[in-house]
Amino acid sequence: MDIQVQKVGIVSCSGEEIPEGTLCRLACRQALDERPGETVTICLPLFIAGGEEERTFAQNYPTITVDGCDKMCAAKATEMLSGKPSKSLSIPEILKKHGLTPPTKLRHFGPEEDAAVKAVAAEIAQAVDKVLEEA
Ligand code: SF4
């Protein structure tokens, strides 16, 4: 019997210019660490630059995109280059849902930003579970 191991690709936006971009990357990292066998990271710049491995993966496996602002770069790039993401998450929406204020630091997040990182990572992990359930 073939057992197909399902994996989900997580595509984080690469926003460097706003704190939500940093939050996005840190939360994605945390979610990847929490779901090691079920998730892989897809590097957005490499994906856009034509990384064959990234694009092929995203064509064949479900993806979850996580974006720092309403420009939704990761969601748009994934849809354009490989196919519609299974879920597209937005940091402002997640923060609003959890009643959290957006971070103000561009980098060097500390304990003050912990709640936001954890909330976003938990939303990503939940989205992974849901996508795998539906697969
Ligand atoms: S979604 Fe927003 S924060 Fe992320 S890369 Fe695009 S413009 Fe930057």
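Whatever order the structure lists them in is the order used to number ligands and atoms, beginning at 1. All values reported here derive from a predicted model rather than from experimental measurement. Atoms considered below: every heavy atom in the structure, side chains included; atoms not considered: hydrogens, waters and symmetry mates.
Tested against Cys13 for a side chain to side chain contact (heavy atoms under 4.5 Å, CB included), the candidates Ser90, Cys24, Cys28 yield a single pass: Cys24. Evaluated for a side chain to side chain contact (heavy atoms under 4.5 Å, CB included) with Glu38, the options Val8, Leu32, Leu132 yield exactly one hit, Leu132.
For the pair Ile124 and Ala31, the tightest heavy-atom approach, listed with the atom from each and the gap, is CG2-CB, 3.6 Å.
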Determine whether Lys71 and Asp67 satisfy the following criterion, salt bridge (Lys or Arg N to Asp or Glu O under 4.0 Å), listing intermediate values before the conclusion. CA-CA 8 Å; Lys71 292 200 172 86; Asp67 279 299; over 6 Å; no
Residues Val120, Leu89; criterion side chain to side chain contact (heavy atoms under 4.5 Å, CB included); working and verdict: CA-CA 9 Å; Val120 177; Leu89 304 178; over 6 Å; no
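The salt bridge (Lys or Arg N to Asp or Glu O under 4.0 Å) search around Glu16 returns Arg25, Arg107, not counting sequence neighbours.
Within a radius of less than 2.8 Å around atom 2 (Fe) of ligand 1, the protein N, O or S atoms are Cys69 SG.
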